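Everything below concerns the one structure shown next.
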Amino acid sequence: MDVTGQIEKARDAVRRIRCDGETSGLVPTMGALHEGHLSLIRRARDECGFVAVSIFVNPTQFAPNEDFDAYPRTREADVDACASAGVDLVFAPNVATMYSPGNLTGLHVNELSEVLCGPFRQGHFDGVATIVAKLLNIIPADRAYFGEKDYQQLVLIRRMCADLNVATEIVGCPTVREPDGLAMSSRNAYLSAQQREQALLISAGLFAARDAFVAGERDGRALEGIVRARLKRGEGIEVEYVECVDALTLERVSHVADEARICVAVRIGRSRLIDNVRLYAGGGGE
Ligand code: AMP
């Protein structure tokens, strides 16, 4: 496995693979790797001859009041996990490498940036769109793998790649959960035992809404109400939003026809947690 922080070295590795005609896959991450990340890496490993993982805590997707400095950084363990998972290339640049002084360029994806998490995280999705575009320019993989856990991010990156004619296929992967339902997240490390208990109300609420949907409930507000009712039981939970949205446009829907997503963001202590489930009339599963 090659490990590099240098753009040219990463480019060389990908060029060599292209000459060999191998299919390539990229899994962009901010490190602090857990089973959620590893599920993306395994999927890439199954589908691609060459697998690259990027590890970069991207400062431009953190607002000034957010947790950029505190974000967990576990580089050695991450590199070991990548090696065990059969990764070919780890690209772990530093901030100065990715953003040269005088950098003037950034991306904005209209509409999709402005709903759900958008109003609560100023500039976040501009930072996400920009860094993913930069990573795909450095490692122009055939496929790039993203988690449905960050559903708005997945939809926005698909749109950005379509709009900018990026050749990479964006592959969405199901949310990996702890056995008790909590969606895995690097930010779960911030939770105390008591806060973690409260955090279980998020997935419990989402699953209850999904059950109601399967039983025939199609009213968007009623489905949101089921999640809110669960969240209310948690004294320390501050709800940012609970929204039942169209799976492609992310617009709030009052009636769910065949498919939608119900998305949640809450604050518990100093952690901000997000989660979502698919509502799909054609069958179960996320
Ligand atoms: P992050 O390191 O948080 O930027 O996440 C890197 C990638 O892993 C993103 O595509 C996330 O959506 C994905 N990811 C994070 N947590 C999970 C999870 N619990 N299940 C599936 N994918 C995840």
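Just so it is clear, the structure is predicted and the values come from calculations on it, not from any experiment. As the structure lists them, so they are numbered: ligands from 1, and atoms in each ligand from 1. Start at 1 with the first residue, then count along the sequence. Both backbone and side-chain heavy atoms feed into the values below; hydrogens, waters and symmetry mates do not.
At a heavy-atom cutoff of 4.0 Å, ligand 1 is contacted by the backbone of P174 but not by its side chain. Contact annotation: for H34 versus ligand 1, heavy atoms closer than 4.0 Å belong to the side chain alone. Counting heavy atoms closer than 4.0 Å to ligand 1, residue L40 contributes side-chain atoms (C-beta onward) but none from N, CA, C or O.
Close approach to F146 involves these atoms of ligand 1, each under 4.0 Å from a residue heavy atom: 10 (O). The atoms of ligand 1 that sit less than 4.0 Å from any heavy atom of T29 are 2 (O), 6 (C). Annotation for ligand 1: atoms under 4.0 Å from non-hydrogen atoms of T175 are 20 (N), 21 (C).
In this structure, R73 forms a cation-pi arrangement with F68, its terminal cationic atom sitting closer than 6.0 Å to the ring centre and no more than 45° off the ring axis. The cationic atom of R43 (NZ for Lys, CZ for Arg) does not lie both less than 6.0 Å from the six-membered ring centre of Y145 and within 45° of the ring axis. Cation-pi geometry between K134 and F56 is not met: the NZ or CZ atom fails to fall both under 6.0 Å from the ring centre and inside 45° of the normal. Figure legend: R210 and F213 shown without cation-pi pairing, the cationic atom not lying both under 6.0 angstrom from the six-membered ring centre and within 45 degrees of its axis.
Geometrically, ligand 1 and P28 share no nitrogen or oxygen pair separated by less than 3.5 Å. Taking distance alone, with nitrogen or oxygen atoms compared against 3.5 Å, S185 stays at or beyond that limit from ligand 1.
The closest approach between A32 and ligand 1 stays at or above 4.0 Å for every heavy atom of the residue.
Residues P119 and E114 form no side-chain contact, since every pair of their non-hydrogen atoms from C-beta on lies 4.5 Å or further apart.
For atom 9 (C) of ligand 1, the choice among Q153, M184, K149 with the nearest heavy atom turns out to be Q153.
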I'd like to know whether M30 forms a side chain to side chain contact (heavy atoms under 4.5 Å, CB included) with S186, so could you lay out the CA-CA distance, the side-chain angles of the two residues, the decisive distance to 0.1 Å, and finally the verdict.
CA-CA 9 Å; M30 297 205 298; S186 308; over 6 Å; no

